[in-house]
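Shown next, in structure tokens, is the structure this report addresses.
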Amino acid sequence: MPEIPKAYEPRAVEEKWYRFWLDSKCFAADPQSAKPAYSIVIPPPNVTGVLTLGHVLNNTIQDILARLARMKGFETLWLPGTDHAGIATQTVVEKSLRKQGVIKHRDELGRDKFLEKVWEWKEKHGGIIIEQLKRLGASCDWERERFTMDPEYSRCVQNVFIDLYHKGLIYRGKRMVNWDPSARTALSDEEVEMVEERGKLWHFKYPLADDAGRAVPGEFVMVATTRPETMLGDEAVAVHPSDPRYANLIGRRVLLPLRDKLIPIIADELVDPKFGTGCVKVTPAHDPADYEMGMRHQLPMTVVIAADGRMSAEAGEEFARLDRMEARKAVVEKLEALGLMTKAEDYTHRVGYSQRSNVPIEPYLSSQWFLKYPAVEKSTHAVAHGEIRFHPERWSKTYLHWMGNIKDWCISRQLWWGHRIPIWRRDDEEKCQIESPGEGWTQDSDVLDTWFSSWLWPFATMGWPQETSALKKFYPTTDLVTGPDIIFFWVARMIMAGYEYMGEKPFQNVYFTGIIRDKQGRKMSKSLGNSPDPLDLINQYGADALRFGVMRSAPLGQDVLYDEQQVELGRNFCNKLWNACRFRQMQAGEVEGEIDPAKLNADDKWILLKLHAAITELTEALDHYKFNEAAQILHRLLWGEFCDWYLEAAKAALADPAARDNTLAVIDFVLSNTLRLFHPFIPFITEELWQGMGFNAELPAGQGGQTIMYAHWPKPLDEDFRAHYGLNDAAAKFVDMRNELVTQGRNLRRVGGIQSGKKVKFIFAPRTALSAHDLEAVKILLHAESIEAQPDYQAPKGTPTAHCEMGDLYLPLEGVADVGAEKERLTKELAKVQAEIDKAQQKLNNPSFSQKAPPAVLAEHQQRLADWQAKHAQLAATLAGLA
RNA sequence: GGGCGAUUAGCGCAGCGGUAGCGCAGCAGCUUUACACGCUGUGGGUCGGGGGUUCGAAUCCCUCAUCGCCCACCA
């Protein structure tokens, strides 16, 4: 027999089996298969991204689901791929080119040259995250890997655009959009993050003008603003129509300071008379609310801030070309100098930031493409009525709220990296098609929002619009695993696209993971330096350890507080499993055949029942996506039950030639089941052990050769099996009682001051008959030299004694007995028991309890009281004996 | 301003109407022939506060507080 290492060494094992799985095509999904289908599409990571702990969480869950489905006999597709991630990728590449000194701005290269550079970048960095997912053990069907800018995929995107255009759902319009002045592109509402900021609320005086347009000395209108620089583009001052204070001002004009422009005082419902002075400056081109008012009152739209965030010529000589923040300062100074600023109070408000560039967004008037969402009603209904289920369910509220207030989607981006909008123009003509209509036509220069391609992901990856076998077999997909932060960006939109183009939902279940935080509850971020590299963790602890550690601490729907200690625990756990199997392998002896029911001892029955319970609970937990519970059940089964109790007790049976073979058969049975239960969580080590222990032989060669991946998922032991093997409550209870004896006995050693290593003799006065095996097991579990059954044993005074349900256990001390210590222990114990008695009695003495509580509860309490009283009597007697 | 979630042992969580549990950390003792990535034992909580319903509440209802998310055009 080859030497088995004492500690599990993941590195080589992981490489070996991943290659084996790939070579054996274990991950391949066959659309022609007769088996029922199970499918997941991966949330495509950014093509140039690297693996984060968030990916680890998300993809481990998907891998568990996929591996579980395969073992349960489903034809399983986990479809992988990457997203071109428009802004993110373009920004990264541009930054890198700048850093290399190649360019200062992408304009220097021009569109085609720049795109070449991005593709180069993509080729170089594009595969990294995919390789990292492989290290994690992801069982994706890599042959089907897709990229949102693959030629076929791009065609899908453009065809969908063309279709929606012809349906009249896509239109172009000049609107106020969220503008990112750093990336110089429009953004959707979802890409804007509101950040609370401490700023100022400036109060300015605008001079009132007379009919001739001259300032009336001493008469002013007071306005307040957080954005002084926009006043250069003011076109009105607004008050509420029914505000008595200003009724007489409506229709008059003010002279806009710094610009010396006459602008009207208008009345608009939008103004809140209770806020500030009740007068609002109106900048129609630079504020969404003001824009609305501007439209209603037909005000000019003077643009004073340009696309790059600098002031335009319209802002006037003095301010043109100034950055908007510099202009703010300049305007304030100027107005202050003119005596028109009355105060600047501290003010906390929320400012929209670009999620990508992390700069304040600018409301900006520009021509953009918009989509009026299709299939809204169906998509709303599907989630509201459980046709698509969200886990945890509460996210459906968020979804429904958004769907109920849905606004048109700004889908055009002023970027180069992405799907170019299939619109062609010549003079006043416009055509919507993929290819150029011919000479003299130029294509719209905008590209589409990244999400306009990802919303097609569940079917565009499977060959749509062709009716492929993959679509027939695997659409709609079964589960989607993603974060709640992209519920609007992606989940909602996929649902709508699914209904619109497939006439069917894209997935049945959506599992929303939590967000990974550090142990202080902070989000992972590069700047905080609290974001560990998963690859380092895999290298140090192994992929299985990382997976198990993360799953152990990921409760459904709650954020995950990551602590490296969890990964360490995962490693320890793998090592425990390794050594449990190592123990079996060191026993030699071939894998035996059937378990002989006649030879089963109490421990065998007990562990088989524990296995049965674990399978039942695990199946239940996984059905409800409770992965942390599942991990805990596995932990308990292997560590707390199999290793701590069963294997130790089994050492007794293994020493008995008559029982040995049968015990080995039980061990093998339990281990074989355990490895399979563990496999979705920790695939590498389980495959290594499965193969190493020869369990493969149990299975016929099937799909992808012999592997634990296609071993069948354990089912709870059925009733016949349990009856045949005598597995019943009494059997379990018996061992529980016997183990109580062991625990108590271990305690006696301690009070007797016996060193853990020292072998001692116990005497046992049984109330329940124990077999020779049971006595032997107790002896081993107690590390005793011997345990002697003496029904009528009279213990000498001061003998540490444990009164158990099964009988009384004595540890006769040779020589010195620490009577004091034993007395102290018993007194403490007695007090505890007394407290329980008091509690029970108090309850039972309450007349309304005994009258109104159900008889079963009453009886239970009475029984409890009786038990405690009996225990009390025993302890008291022992204590009295010591004196 | 609306909505959602959390609040149980030092930390992370389970329990969701009938004796407060698990893991880790802590403490004490152990090279017991699978594992020190280990073994054994053990201390620790008036279940965020206050009210209510009930024979009985961590669990149901109301209310307050703290923390965290999401949504909303108060300049």
Side-chain angles (χ1 to χ4, degrees), chain A residues 4 6-8 194 201-202 223-227 230 238 270-272 274-283 287-293 347 349-350 363 392 394-395 397-398 401-402 405 484-485 487-488 515 517 519 521 541 545 552-553 555 557-563 565-566 568-587 626 628-629 631-632 635-636 639-640 643-644 647-648 651 743 746-747 749-751 753-759 780-783 836 839-840 843 846-854 856-858 860-861 864-865 868:
Chain A
I4 306 162
K6 272 174 100 164
Y8 172 56
M194 300 306 278
L201 183 64
W202 285 276
V223 297
T225 183
T226 52
R227 302 206 50 197
T230 62
L270 208 59
V271 180
D272 176 3
K274 290 191 290 290
F275 186 86
T277 59
C279 292
V280 188
K281 63 187 267 313
V282 181
T283 320
D287 181 276
D290 293 4
Y291 175 73
E292 268 180 50
M293 286 195 267
Y347 190 68
H349 60 148
R350 296 174 72 85
R394 66 188 149 85
W395 289 112
K397 277 189 192 161
T398 308
H401 182 258
W402 188 77
N405 297 283
D485 48 331
I487 190 164
F488 310 137
I515 295 167
R517 299 172 178 280
K519 54 179 168 180
Y541 298 103
R552 245 176 73 89
S553 47
Q558 264 163 260
D559 289 352
V560 181
L561 298 193
Y562 168 81
D563 186 348
Q565 198 179 269
Q566 291 292 339
E568 207 175 311
L569 287 167
R571 178 204 53 185
N572 295 355
F573 186 72
C574 289
N575 196 53
K576 192 71 177 177
L577 180 61
W578 179 260
N579 274 290
C581 292
R582 182 165 172 259
F583 173 76
R584 166 61 184 94
Q585 286 166 292
M586 287 168 85
Q587 294 303 315
K626 293 181 172 175
N628 69 319
E629 261 177 47
Q632 271 164 38
H635 187 275
R636 186 195 66 204
W639 205 309
C643 290
D644 285 354
L647 274 190
E648 292 304 316
K651 286 173 183 171
T743 304
R746 285 167 176 166
N747 251 314
R749 304 180 64 109
R750 205 168 66 94
V751 300
I754 309 293
Q755 293 237 316
S756 303
K758 196 181 170 200
K759 300 263 180 189
I780 288 190
L781 286 161
L782 278 173
H783 288 289
E836 295 295 341
K839 216 154 85 179
K843 232 174 169 179
N846 184 346
S848 36
F849 174 75
S850 41
Q851 279 159 31
K852 296 193 183 173
V857 173
L858 198 62
E860 195 190 317
H861 279 76
R864 194 184 301 156
L865 178 62
W868 284 120

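Convention: sequence-line order gives letters A, B, ...; per-chain numbering from 1.
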Return the [atom1] to [atom2] distance between [X] and [Y], rounded to the nearest 0.5 Å.
X       : Y       : atom1 : atom2 : answer
R584(A) : I4(A)   : CZ    : CD1   : 10.5 Å
N575(A) : L569(A) : CG    : CG    : 12.5 Å
Q632(A) : K626(A) : CD    : NZ    : 12.0 Å
K576(A) : D644(A) : NZ    : CG    : 6.0 Å
R746(A) : L781(A) : CZ    : CG    : 5.5 Å

Where the side chain of [X] is concerned, which of [options] is the nearest nucleotide?
X       : options                : answer
A7(A)   : A14(B), G38(B), C37(B) : C37(B)
N747(A) : U19(B), G41(B), G15(B) : G41(B)
R394(A) : U19(B), G15(B), G5(B)  : G5(B)
E836(A) : C4(B), A34(B), U19(B)  : U19(B)
Q565(A) : A34(B), G15(B), C24(B) : C24(B)

With under 30° as parallel and over 60° as perpendicular, where do the rings of H635(A) and W639(A) fit, or are they tilted in between?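 Parallel, since the angle between the ring planes stays under 30°.
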
Residue matched to [N] through Watson-Crick or wobble contacts both under 3.5 angstrom:
N      : value
A6(B)  : U66(B)
C60(B) : G52(B)
C27(B) : G41(B)
A34(B) : none

Could you check how far [atom1] of [X] sits from [atom2] of [N], rounded to whole Å?
X       : N      : atom1 : atom2 : result
E629(A) : G21(B) : CD    : P     : 18 Å
K576(A) : G23(B) : NZ    : P     : 13 Å
K651(A) : C39(B) : NZ    : C1'   : 10 Å
L569(A) : C22(B) : CG    : P     : 17 Å
I487(A) : G5(B)  : CD1   : C1'   : 14 Å
N579(A) : C37(B) : CG    : C1'   : 9 Å
L647(A) : C39(B) : CG    : P     : 11 Å
E648(A) : A34(B) : CD    : P     : 8 Å

I'd like to check the side-chain contact (heavy atoms from CB on, under 4.5 Å) partners of K651(A); sequence neighbours left out, ordered by chain and number.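 Partners of K651(A) by the side-chain contact (heavy atoms from CB on, under 4.5 Å) criterion, ordered by chain and then number, come out as F583(A), E648(A), I780(A).
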
Between [N] and [M], how many Å separate the two [atom1] atoms, rounded to a whole number?
N      : M      : atom1 : value
G12(B) : G52(B) : C1'   : 33 Å
C55(B) : C60(B) : C1'   : 16 Å
G29(B) : C69(B) : C1'   : 47 Å
U33(B) : U46(B) : P     : 42 Å
C11(B) : G45(B) : C1'   : 14 Å
U42(B) : A25(B) : C1'   : 14 Å
U32(B) : G41(B) : C1'   : 15 Å
G21(B) : C47(B) : C1'   : 12 Å

Report which part of the nucleic acid [X] touches: base, sugar-phosphate, or nothing (heavy-atom distance under 4.0 Å, all strands).
X       : result
R746(A) : sugar-phosphate
C574(A) : nothing
W639(A) : sugar-phosphate
D485(A) : nothing
Q851(A) : nothing
R552(A) : sugar-phosphate

Are Y8(A) and L577(A) close enough that some pair of their side-chain heavy atoms sits under 4.5 Å apart?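 No; the side chains remain at least 4.5 Å from each other.
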
Would you say V857(A) and F849(A) make side-chain contact, with heavy atoms under 4.5 Å?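 Sidechains of F849(A) and V857(A): in contact.
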
Give the C-alpha distance, both sets of side-chain angles, the deciding distance and a yes or no for side chain to side chain contact (heavy atoms under 4.5 Å, CB included) between L865(A) and K843(A). CA-CA 10 Å; L865(A) 178 62; K843(A) 232 174 169 179; over 6 Å; no

What string of B, S and - do you get for nucleotides 52-58 of chain B, 5' to 3', when a contact is any protein heavy atom under 4.0 Å? ---B---

Which parts of nucleotides 66-75 of chain B does protein reach within less than 4.0 Å, heavy atoms only, written one letter per nucleotide 5' to 3' as B for base, S for sugar-phosphate only and - for none? --S--SBBBB

E860(A) or Q632(A): which one's nearest nucleotide on RNA chain B is closer to the 5' end?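 Going by which nucleotide is closer to the 5' end, it is Q632(A).
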
Does K626(A) have a side-chain nitrogen or oxygen under 4.0 Å from the phosphate oxygens OP1 or OP2 of C13(B)?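 Answer is no, no contact under 4.0 Å.
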
What's the verdict on side chain to side chain contact (heavy atoms under 4.5 Å, CB included) for Y347(A) and T226(A), showing C-alpha distance, side-chain angles and the deciding distance? CA-CA 8 Å; Y347(A) 190 68; T226(A) 52; 3.8 Å; yes

Of all the heavy-atom pairs spanning K281(A) and V223(A), show the shortest one and how long it is.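 That closest heavy-atom pairing would be N-CG1, 4.0 Å.
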
Is it the case that C35(B) (base atoms only) and K6(A) (side chain only) share a donor and an acceptor within less than 3.5 Å, ignoring hydrogens and angles?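 Per atom types, no contact qualifies.
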
